[in-house]
Every structure is written in structure tokens, then in C-alpha cells.
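A quick write-up on the structure given underneath.
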Amino acid sequence: MILINVRMPIREDKLTEWNELSAAYADAVNAEEGCLFFEFARSETDANTWVCIEGYVDHAAGEEHMKQQHVSDFFGKLPDFVSARPEIIYTDVKDVDGFGPMGEVEPREG
């Protein structure tokens, strides 16, 4: 599995437009065959910072993702939205195929 996290500082004056752009982009990426998950999350400590959390079945799926028109379109628009260069963590995780149950927490009844 390929696991990617990207931290993006979004310009305050672009937040409304960002919400629309990021939602449409997430929908398009999640529809890709090799995508396991793709989400944006807003930072709890900085309202202008967003983190992209994405997972692909393997390296080939990640490469195929980068060939999609919606990726080119998104990256073409992104420089108008960020206030600084985004930061990325890219990890090729062997023997993992997505999220698993967390052992430390079990829901309470009632």
C-alpha cells in the first residue's frame, strides 16, 4: 500500500473556494480504481491548514493516479490556493492493505 500525507497551508481569502475544489477533487480521486481512500482534514490547531490523507493499493495505482486529468487540473489550480509550499510524507507500506481495527478503543454500549 502507498500511504501519502500532504500538509497544505491554504490562503484565508481562498477558504470558501478551497472547500469546493477539495471536495470535488476528493470525489474524483476516490472514484479511481486503485484508490483505497482519499480525504482532506482541517487542522484543529490552524484553521488555514489542511492535511490530505491518501492510500493506494500499490505503487502502480499511485502512478496511474498521477496520470489522471483531475490531478493535472487540481495541481494547476493549487498554487493559487496555498500560502506556502505543501509538505509531503510518502510511504510504501508492505503487507498493509488499508485501515485495520484499533486495539486500544472499543465503543461503549448505551
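These numbers were taken from a predicted model, which means no experiment stands behind them.
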Atom pair [atom1] ([X]) and [atom2] ([Y]), whose distance is rounded to the nearest 0.5 Å:
| X | Y | atom1 | atom2 | answer |
| --- | --- | --- | --- | --- |
| T49 | R42 | OG1 | CZ | 9.5 Å |
| R85 | L78 | CZ | CG | 11.0 Å |
| E39 | I53 | CD | CD1 | 6.0 Å |
| Q68 | Y25 | CD | OH | 9.5 Å |

If you group Ile, Leu, Val, Met, Phe, Trp and Tyr by side-chain heavy-atom gaps below 4.5 Å, do [X] and [Y] land in one group?
| X | Y | answer |
| --- | --- | --- |
| I88 | L3 | no |
| L15 | M8 | yes |
| I2 | F37 | no |
| M66 | V29 | yes |
| V93 | I89 | no |

If every non-hydrogen atom of [X] is compared with every non-hydrogen atom of [Y], which pair is closest and at what distance?
| X | Y | answer |
| --- | --- | --- |
| I10 | V82 | CD1-CG1, 4.2 Å |
| C52 | F38 | SG-CZ, 3.3 Å |
| D97 | L36 | O-CD1, 3.6 Å |
| A47 | W50 | O-NE1, 4.1 Å |
| R11 | D80 | NH1-O, 3.3 Å |

| E64 and Y56, any side-chain heavy atoms less than 4.5 Å apart |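 Not touching, per the 4.5 Å side-chain cut-off.
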| said: Please verify the inter-ring angle class for Y90 with H59; under 30° counts as parallel, over 60° as perpendicular, anything in between as tilted. | reply: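 Aromatic pair Y90/H59 classed perpendicular.
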| request: Kindly assign one of parallel, tilted or perpendicular to the pair F74 and F40, based on the angle between their ring planes and the thresholds 30° and 60°. | output: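 The arrangement is tilted - the two ring planes meet at 30° to 60°.
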| said: Could you work out, with side chain to side chain contact (heavy atoms under 4.5 Å, CB included) as the rule, every residue matching D27, not counting sequence neighbours? | reply: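 With sequence neighbours excluded, D27 shows a side chain to side chain contact (heavy atoms under 4.5 Å, CB included) to no residue whatsoever.
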| message | Taking salt bridge (charged side-chain N to carboxylate O under 4.0 Å, His left out) as the definition, give me every residue that meets it alongside K14, ordered by chain and number, with sequence neighbours left out. | response |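 Partners of K14 under the salt bridge (charged side-chain N to carboxylate O under 4.0 Å, His left out) test: E17.
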